S.K.: 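The structure under discussion is supplied below as structure tokens; questions concerning it will follow.
Computed from a prediction, not measured in an experiment: that's the story for all the values here.
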Amino acid sequence: SAVTREEYAVLLDRFVKSKDNPAELDFSDNSQISDWAKQAVQNGIYYGYINGYPTGEFRPYDDVTYEEAVKMALVAQDEENASLEFPDGFTDKAEYSGLLYGVFGDNSDPITRGDAVVLLNNAFPANVINLSEHIKDEDATSVKERHEDIYGGYKVDFDGDGLFEYITADSFISAKD
């Protein structure tokens with residue numbers, strides 16, 4: 001099933017792990033934004049990846065399209081991406097950078113829940129690697145001490161092949177290998 005704009009705002013906020021910010025909600029349809037989504041929308045406004053429609057609406061119950069989801073994810077990654085042309089500049093950059101790997105759908109269609117999670121996982125991969133199969137003789141502490149902190153996790157080259165994988169600082173077990 002499709003993801004609403006307010007649901008996507010909450011998903012994205014959780015992947016970005018933003019701190020709560022007091023950005024003002026001044027959309028003409030503020031009263032329609034669910035209480036559980038308001039802080040995530042405020043965070044998105046504060047960090048610049050949510051700006052609503054030119055009509056001044058947020059449209060919280062509308063389905064978010066693939067192209068809107070891609071735009072928000074790219075701007076959340078790097079605010080300089082906000083200067084890209086909508087929608088082609090965003091979708092081209094997302095394809096080139098691998099954000100659309102495993103994501104299937106047409107740009108103007110509502111994004112599915114599964115594709116939204118895959119897109120966000122591709123954009124913010126720090127929380128989804130299973131180290132249990134990679135750690136051999138080293139314990140977790142030595143692995144953590146040897147590698148630099150990236151997005152709340154660590155960039156690790158286990159095989160010496162120059163390809164890095166991301167792990168969280170708190171957990172070495174996750175949903176994806």
Side-chain angles (χ1 to χ4, degrees), residues 1-87 89-94 96-100 103 107 110-129 144 147-155 164 166-171 174-176:
S1 69
V3 178
T4 65
R5 291 174 51 78
E6 70 178 5
E7 289 170 334
Y8 188 78
V10 171
L11 277 172
L12 181 53
D13 187 58
R14 289 183 180 162
F15 269 88
V16 172
K17 297 180 183 175
S18 56
K19 297 188 183 336
D20 290 351
N21 288 287
E24 187 174 329
L25 292 175
D26 65 357
F27 297 114
S28 61
D29 56 355
N30 280 347
S31 63
Q32 295 177 22
I33 301 171
S34 300
D35 288 342
W36 52 265
K38 283 185 178 176
Q39 187 60 62
V41 175
Q42 287 176 298
N43 291 343
I45 292 166
Y46 181 84
Y47 289 107
Y49 56 83
I50 290 178
N51 46 23
Y53 289 97
T55 59
E57 299 168 293
F58 176 66
R59 301 180 192 167
Y61 300 118
D62 283 5
D63 294 335
V64 67
T65 65
Y66 279 85
E67 57 200 11
E68 290 170 335
V70 164
K71 176 184 178 184
M72 286 187 268
L74 282 170
V75 174
Q77 273 188 327
D78 184 348
E79 62 188 41
E80 289 184 19
N81 288 330
S83 64
L84 296 169
E85 184 178 327
F86 184 80
F90 290 100
T91 54
D92 289 348
K93 179 154 188 171
Y96 176 76
S97 62
L99 264 62
L100 298 180
V103 176
N107 286 344
I111 195 167
T112 64
R113 292 183 188 287
D115 279 350
V117 171
V118 171
L119 169 68
L120 292 173
N121 179 55
N122 290 343
F124 306 99
N127 294 322
V128 288
I129 196 75
K144 285 170 65 172
H147 303 294
E148 64 184 296
D149 190 9
I150 302 287
Y151 299 117
Y154 294 85
K155 183 170 79 170
F164 290 93
Y166 295 88
I167 60 172
T168 63
D170 300 326
S171 173
S174 68
K176 180 180 166 188

S.K.: Could you check whether any side-chain N or O of Asn21 sits under 3.5 Å from a backbone N or O of Asn43, counting only pairs where one atom can act as donor and the other as acceptor?
M.R.: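 Side chain of Asn21 to backbone of Asn43: no pair is present.
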S.K.: Under the salt bridge (charged side-chain N to carboxylate O under 4.0 Å, His left out) test, which residues partner Asp35, sequence neighbours left out?
M.R.: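 Listed in chain order: Lys38.
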S.K.: Do Glu79 and Tyr47 come close enough that some side-chain heavy atom pair is under 4.5 Å?
M.R.: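 Result no, sub-4.5 Å side-chain heavy-atom pair not found.
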S.K.: Which distance, rounded to the nearest 0.5 Å, do you find between the NZ of Lys71 and the CG of Asn51?
M.R.: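 Rounded to the nearest 0.5 Å, the NZ-CG separation comes to 4.5 Å.
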S.K.: Mind checking the OH-CG spacing from Tyr8 to Asp13? Nearest 0.5 Å is all I need.
M.R.: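 Between Tyr8 OH and Asp13 CG, I get 12.0 Å after rounding to 0.5 Å.
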S.K.: Which is it for Phe58 and Val41 under the side chain to side chain contact (heavy atoms under 4.5 Å, CB included) test, yes or no, and what are the steps along the way?
M.R.: CA-CA 9 Å; Phe58 176 66; Val41 175; 3.8 Å; yes
S.K.: Are there more than 12 heavy atoms of other residues, nucleotides or ligands under 6.0 Å from atom OH of Tyr46?
M.R.: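 Count not over threshold, so no.
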S.K.: To the nearest 0.5 Å, what is the distance between CG (Leu74) and CD (Glu80)?
M.R.: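 Result: 12.5 Å between the selected atoms.
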S.K.: Could you check whether any side-chain heavy atom of Thr91 comes within less than 4.5 Å of a side-chain heavy atom of Tyr66, counting everything from C-beta outward?
M.R.: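 A side-chain contact under 4.5 Å is absent here.
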S.K.: When rounded to the nearest 0.5 angstrom, what distance separates OG1 in Thr4 from CG in Asp63?
M.R.: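 Thr4 OG1 to Asp63 CG: 7.5 Å, rounded to 0.5 Å.
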S.K.: Set out, in order, the CA-CA distance, both residues' side-chain angles and the distance that settles side chain to side chain contact (heavy atoms under 4.5 Å, CB included) for Phe86 and Glu67, then state yes or no.
M.R.: CA-CA 8 Å; Phe86 184 80; Glu67 57 200 11; 3.7 Å; yes
S.K.: Is the closest side-chain donor-acceptor distance between Tyr49 and Asn81 under 3.5 Å?
M.R.: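 No, no side-chain donor-acceptor contact under 3.5 Å.
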S.K.: Check whether any side-chain heavy atom of Arg113 sits under 4.5 Å from a side-chain heavy atom of Ser1, and report yes or no.
M.R.: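 Yes, close enough: below the 4.5 Å cut-off.
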S.K.: For the CD atom of Gln77 and the CG atom of Asn122, what is their distance to the nearest 0.5 Å?
M.R.: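 One gets 9.5 Å once the value is rounded to the nearest 0.5 Å.
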S.K.: Using the test salt bridge (charged side-chain N to carboxylate O under 4.0 Å, His left out), find all partners of Glu6 that sit at least two apart in sequence or belong to another chain.
M.R.: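 Scan of Glu6 (salt bridge (charged side-chain N to carboxylate O under 4.0 Å, His left out), adjacent residues dropped) gives none.
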S.K.: Please report the closest heavy-atom contact between Leu11 and Ala116, naming both atoms and the distance.
M.R.: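 Between these two residues, the closest heavy atoms are CD1-CB, 4.3 Å.
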S.K.: Determine whether Asp29 and Pro60 make a side-chain contact, defined as any pair of heavy atoms from C-beta on separated by less than 4.5 Å.
M.R.: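 The answer is yes; the side chains approach within 4.5 Å.
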S.K.: Evaluate the criterion side chain to side chain contact (heavy atoms under 4.5 Å, CB included) for residue pair Phe124 and Leu12; output intermediate values, then yes/no.
M.R.: CA-CA 9 Å; Phe124 306 99; Leu12 181 53; 3.7 Å; yes
S.K.: Taking Thr65 for its side chain and Glu68 for its backbone only, find out whether a donor-acceptor pair lies under 3.5 Å.
M.R.: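 A pair under 3.5 Å: yes.
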S.K.: Has Asn30 got a side-chain atom pairing as donor or acceptor with Phe27's backbone, closer than 3.5 angstrom?
M.R.: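 Yes; at least one donor-acceptor contact below 3.5 Å.
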S.K.: Can you give me the closest heavy-atom contact between Val103 and Leu99, atom names plus distance?
M.R.: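 The answer is CG2-O, 3.9 Å.
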S.K.: Decide yes or no on side chain to side chain contact (heavy atoms under 4.5 Å, CB included) for Val70 and Leu119, but give the supporting numbers first.
M.R.: CA-CA 8 Å; Val70 164; Leu119 169 68; 4.2 Å; yes
S.K.: Hey, could you give me the CD1/CG distance between Ile111 and Leu120, rounded to the nearest 0.5 Å?
M.R.: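 Answer for the CD1-CG pair, Ile111 versus Leu120, is 7.5 Å.
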S.K.: Can you find a heavy atom in the side chain of Asp62 that is under 4.5 Å from one in the side chain of Glu57?
M.R.: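 Result no, sub-4.5 Å side-chain heavy-atom pair not found.
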S.K.: Please give me the minimum heavy-atom distance between Ala2 and Pro110, naming the atom from each residue.
M.R.: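 Shortest heavy-atom contact: CB-CB, 3.7 Å.
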S.K.: Taking the side chain from Glu7 and the backbone from Tyr61, do they hold a donor-acceptor pair closer than 3.5 Å?
M.R.: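 No, Glu7 side chain to Tyr61 backbone: no donor-acceptor pair under 3.5 Å.
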